[in-house]
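Each chain gets a letter, A, B and so on, in the order the sequences are listed, and its residues count up from 1.
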Amino acid sequence: MTAFIKSFSIKKRDFVRAGEASINVQNILKSLNMDHKLIRRIAICGYEGEMNAVMHGGDGILTVEIDTGRIILDIADNGDGIENIELAMQKGYSTATEEHREMGFGAGMGLPNMKVNSDMLSVESEKGKGTHLHMEFYVSTD
Amino acid sequence: MSWKGWCKVTVKDLVEKFGLQAAAGEKGLGRSVKSGFCGDLLSDVMANAPEGCVWLTIQSHQNIIAVAVLREMACIVITGGHTPDIETIDKAGKEGIPLLLWPGSAYTLAGSIYSAGIT
Ligand SMILES: Nc1ncnc2c1ncn2[C@@H]1O[C@H](COP(=O)(O)OP(=O)(O)OP(=O)(O)O)[C@@H](O)[C@H]1O
Ligand SMILES: [Mg+2]
């Protein structure tokens with residue numbers, strides 16, 4: 001049974017709104033008094049996934065789902081997809097443009113950050129169709 | 001013998017002690033500063049900046065505000081004389097994140113803040 005589910009839209013190249021979906025998720029989790037460290041991990045993952053959709057991907061949707069024992073973050077965009085996921089998962093790999101780099105993006109750390117901060121991460125991407133990130137965070141009950 | 005040090009440092013204390021210029025987000029001046037972080041690569045900052053920190057960066061575009069909110073920072077200092085974009089000022093005000101300016105290098109300011117006891 002899903003206790004809570006909410007979606008936020010993400011817009012390609014919209015740097016004005018970029019980050020808002022993740023801030024909304026952070027506020028929801030805070031209002032539910034979720035564990036502080038868990039919220040911080042989810043904030044990192046949400047932000048990195050959201051920024052990737054804005055910068056490299058396309059229009060998309062970020063969905064947070066609060067389930068029994070876990071929180072699920074889905075970030076899907078309809079962009080060009082990731083050419084080589086294996087490569088994209090490596091630290092330092094980036095196709096960020098000069099413009100992105102000037103703004104401080106393009107360290108090639110977004111996907112590696114998601115990997116270390118989530119309990120489960122799956123990346124599905126198809127050239128020309130888009131990218132779907134699915135992340136799970138387990139809520140410890142002790 | 002004597003001992004003197006800050007026990008609770010607020011953003012306002014930093015502004016006054018180091019002559020920082022407040023560009024936006026003044027309503028957050030009462031936040032307490034617990035540590036510091038220097039970084040210009042956003043995903044490095046996102047991964048490593050501690051909660052309640054003063055963040056020194058040369059980045060001046062609007063996306064630094066989301067980073068500061070999500071990492072629950074105390075404030076941002078734009079160093080090196082860079083000026084924030086108007087969108088950055090607007091967002092800082094909206095989110096209540098103090099946006100401060102420092103004309104010198106991050107190195108000198110970080111050194112001073114560290115010496116003042118924020119480690
Ligand atoms: N949603 C996406 N759509 C298309 N390509 C993507 C997407 N997400 C990631 N990529 C590709 O994977 C690469 C690595 O992503 P990652 O987030 O690790 O680094 P980055 O975004 O380039 O830099 P950083 O996140 O450190 O600012 C990107 O440069 C891009 O080529
Ligand atoms: Mg990225």
Next on the checklist: Salt bridge check, A:E20 against B:K91: does any charged N sit closer than 4.0 Å to a carboxylate O?
Outcome noted: no
Next on the checklist: Can you tell me which portion of B:D40 sits under 4.5 Å from chain A's heavy atoms? Options are side chain, backbone, both or neither.
Outcome noted: backbone
Checklist entry - Under a 4.5 Å heavy-atom cut-off, does chain A meet the side chain of B:E51, its backbone, both or neither? => result both
Item to check | Hydrophobic cluster membership, A:L38 vs A:I66, 4.5 Å side-chain cutoff | outcome: yes
Item to check | A:K127, NZ: over 12 other non-hydrogen atoms inside 6.0 angstrom | outcome: yes
Item to check | Side chain, backbone, both or neither of A:K91 within contact of chain B (heavy atoms, under 4.5 Å) | outcome: neither
Checklist entry - Is it true that A:I61 and A:V54 fall in one hydrophobic cluster, defined by side-chain heavy atoms closer than 4.5 Å? => result no
Next on the checklist: Measuring only between side-chain heavy atoms, which start at C-beta, is B:N63 closer than 4.5 Å to A:Y47?
Outcome noted: yes
Item to check | Same apolar cluster (I L V M F W Y, side chains within < 4.5 Å links), A:L73/A:L121 | outcome: yes
Next on the checklist: Can you tell me which of B:D44, B:V69, B:T57, B:V45 forms the most heavy-atom pairs within a distance under 4.5 Å of chain A?
Outcome noted: B:V69
Item to check | Validation row: B:E95, A:I23 side chains within 4.5 angstrom (heavy atoms) | outcome: yes
Checklist entry - Would you find more than 12 non-hydrogen atoms of other residues, nucleotides or ligands less than 6.0 Å from A:Y138 atom OH? => result yes
Next on the checklist: At a 4.5 Å cut-off on heavy atoms, which part of A:V116 comes close to chain B: side chain, backbone, both, or neither?
Outcome noted: neither
Checklist entry - Just wondering, are more than 12 heavy atoms of other shown residues or ligands nearer than 6.0 Å to OH in B:Y107? => result no
Checklist entry - If we only count heavy atoms from C-beta on, is the B:H61 to A:F15 side-chain gap below 4.5 Å? => result no
Checklist entry - In the single-linkage hydrophobic clustering (I, L, V, M, F, W, Y; side-chain heavy atoms under 4.5 Å), do A:M120 and A:V139 co-cluster? => result no
Checklist entry - Do you know which two heavy atoms are closest between A:R40 and B:P50, and how far apart they sit? => result NH2-C, 3.8 Å
Next on the checklist: Please classify the contact of B:Q59 with chain A as side chain, backbone, both or neither, using a heavy-atom distance under 4.5 Å.
Outcome noted: side chain
Item to check | Residue-level interface, residues 96-115 of chain A with chain B, non-hydrogen cut-off under 4.5 Å | outcome: A:E102, A:M103, A:G104, A:F105, A:A107, A:M109, A:G110, A:N113
Checklist entry - Is there a chain of hydrophobic side chains (I, L, V, M, F, W, Y, each step under 4.5 Å between heavy atoms) that links B:V54 to B:I58? => result no
Checklist entry - Roughly how far, to the nearest 0.5 Å, is the CE atom of B:M46 from the SG atom of A:C45? => result 9.0 Å
